[in-house]
Amino acid sequence: MGYMISLCRGIIEKRRLILELAVADFKKRLAGSYFGVVWMFVQPVVTVLIYFLIFGPYGFKSAPPVPAPYVIWLVPGIVPWFFFSEGINAETGCLQEYSYLVKKVVFSVEFLPIIKLLSCAMVHGCFLLIMGGLYLCYQWWPILTWIQVLYYSFAAFMLALALGYLTSAVQVFFKDMTQIVGIMLQFGMWLVPIMYDEGLFTDRAAWIGILFKLNPFYYIVVGYRDSMLTGDWFWERPTLTLYFWAVTTLLLLAGLKVFKRLRPHFSDVL
């Protein structure tokens, strides 16, 4: 816990440097590309289009659990997943990518996962605007709870950060961690009811619903849909909220402990 408090103090003191490095990381991803920022949106948009064609009115004709077009129900579930998965992937290799900073004694390497996530958050912010524009195109007018997606974005940020400290530290010594994380994210996407209604399974076996809720990312997907579709606030799910933050806090403490334990050896391996 003391390590986490020290980290929070360091973030506050170095907030300007962290933000500058995050912006620089964002710009670096665009360097040397003819279409620049467009490439950051092509794959997610194509992914949404594929799922819309497969599960929407032209494919399996999946019916959302709320009276809304399928794409309106799909997008709030998949947009936070794009942020989460991109963030985990970016964090996992961040120590290797910024090895020249890791070897500097004066630089706090604990900032690197945060810098990577902030860079991904800039793209996520654009997706939130696109999501809002899509809703307006469907004449789905804004409601007060739309502002709540910022809270759930922060929740996704913290969950990704907690896992990122663990994966980034291990990746320095075990290079295959990058591939393992990629596979786990592909598999994990189907463990959350993003493209399908969880009622397809819970109507047959109620215990499956408990398994869904044990996944902390379930809280974020449900929260985005609550915010954009039903108008429910996060305090209307008190048990799920407490469970999410308890699990995320434990994961963060565990991730920081591993990171702190392995940190003295980073420069030797890199």
Side-chain angles (χ1 to χ4, degrees), residues 4 7-45 47 79-131 149-150 152-173 175 177-182 184-185 220 252 255-256 258-260 262-263 266-267 269-270:
M4 182 184 292
L7 176 61
C8 291
R9 289 175 178 170
I11 292 172
I12 294 173
E13 292 175 1
K14 301 293 185 180
R15 59 187 182 277
R16 181 171 296 180
L17 172 63
I18 292 173
L19 183 58
E20 289 176 353
L21 289 174
V23 173
D25 183 86
F26 176 79
K27 292 179 179 179
K28 186 176 71 172
R29 290 193 287 172
L30 307 179
S33 174
Y34 287 108
F35 294 99
V37 73
V38 173
W39 290 118
M40 292 186 179
F41 300 97
V42 170
Q43 182 177 354
V45 170
T47 302
V79 162
W81 179 261
F82 288 150
F83 173 44
F84 177 77
S85 59
E86 182 188 12
I88 292 290
N89 279 320
E91 286 178 287
T92 300
C94 68
L95 297 180
Q96 189 77 40
E97 180 180 350
Y98 287 97
S99 58
Y100 60 92
L101 290 178
V102 176
K103 295 176 182 179
K104 289 187 176 181
V105 180
V106 296
F107 185 80
S108 296
V109 294
E110 293 86 353
F111 295 159
L112 289 176
I114 299 173
I115 290 167
K116 276 294 185 181
L117 271 181
L118 287 174
S119 175
C120 296
M122 296 176 189
V123 179
H124 181 61
C126 296
F127 271 108
L128 292 181
L129 294 176
I130 293 173
M131 180 172 65
V149 297
L150 298 178
Y152 285 108
S153 295
F154 175 72
F157 183 99
M158 293 306 297
L159 180 59
L161 183 64
L163 296 173
Y165 274 119
L166 175 63
T167 60
S168 62
V170 173
Q171 195 273 341
V172 174
F173 305 91
K175 306 303 181 184
M177 177 57 69
T178 302
Q179 286 71 32
I180 293 173
V181 167
M184 293 301 294
L185 286 172
I220 297 170
L252 183 58
L256 284 173
V258 173
F259 196 95
K260 181 183 179 182
L262 298 178
R263 176 186 172 185
F266 288 162
S267 58
V269 177
L270 293 173

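None of these values were measured; they are calculated from a predicted model.
When all heavy atoms of L161 and E91 are compared, the closest pair comes out as CA-OE2, 3.4 Å. In terms of heavy-atom proximity, S153 sits nearest to F83 at O-CE2, 3.7 Å. For S168 against C94, the heavy-atom pair with the smallest separation is CB-SG, 4.1 Å. Across every non-hydrogen atom of L118 and A22, the tightest pair is CB-CB, 3.6 Å. Y165 and L252 make their closest contact through CD1-CD1, 4.0 Å (heavy atoms, listed as atom of the first residue, atom of the second, distance). L128 approaches L150 most closely through the heavy-atom pair CD1-CD2, 4.5 Å.
No more than 12 heavy atoms of other residues, nucleotides or ligands shown are found within 6.0 angstrom of CZ on F154.
Rounded to the nearest 0.5 Å, atoms CG (L19) and OG (S119) are 11.0 Å apart. Separating the CG atom in L256 from the CZ atom in R263 is a distance of 11.5 Å, to the nearest 0.5 Å. For the atom pair CD1 (I88) and CG (L166), the distance works out to 9.5 Å, reported to the nearest 0.5 Å. Here OG1 of T167 is found 12.0 Å from CE of M184. Values are rounded to the nearest 0.5 Å. Distance check: I130 CD1 to H124 NE2 gives 11.5 Å after rounding to the nearest 0.5 Å. Here E97 contributes atom CD and D25 contributes atom CG; the two are 6.0 Å apart, rounded to the nearest 0.5 Å.
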- Message: For V123 and F26: C-alpha separation, side-chain torsions, deciding distance, then whether side-chain contact (heavy atoms from CB on, under 4.5 Å) applies.
- Response: CA-CA 9 Å; V123 179; F26 176 79; 3.6 Å; yes
- Going through the distances and angles, do I220 and W81 end up as a side-chain contact (heavy atoms from CB on, under 4.5 Å)? CA-CA 9 Å; I220 297 170; W81 179 261; over 6 Å; no
- Verify side-chain contact (heavy atoms from CB on, under 4.5 Å) between F157 and Y152, making sure each step is shown before the conclusion. CA-CA 8 Å; F157 183 99; Y152 285 108; over 6 Å; no
- Message: Pair I11, I114 - check side-chain contact (heavy atoms from CB on, under 4.5 Å), show working.
- Response: CA-CA 9 Å; I11 292 172; I114 299 173; 3.3 Å; yes
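Considering only heavy atoms from C-beta on, M177 comes within 4.5 Å of T92 through its side chain.
Using a 30° and 60° split on the angle between ring planes, Y100 and Y98 fall in the tilted class, from 30° to 60°.
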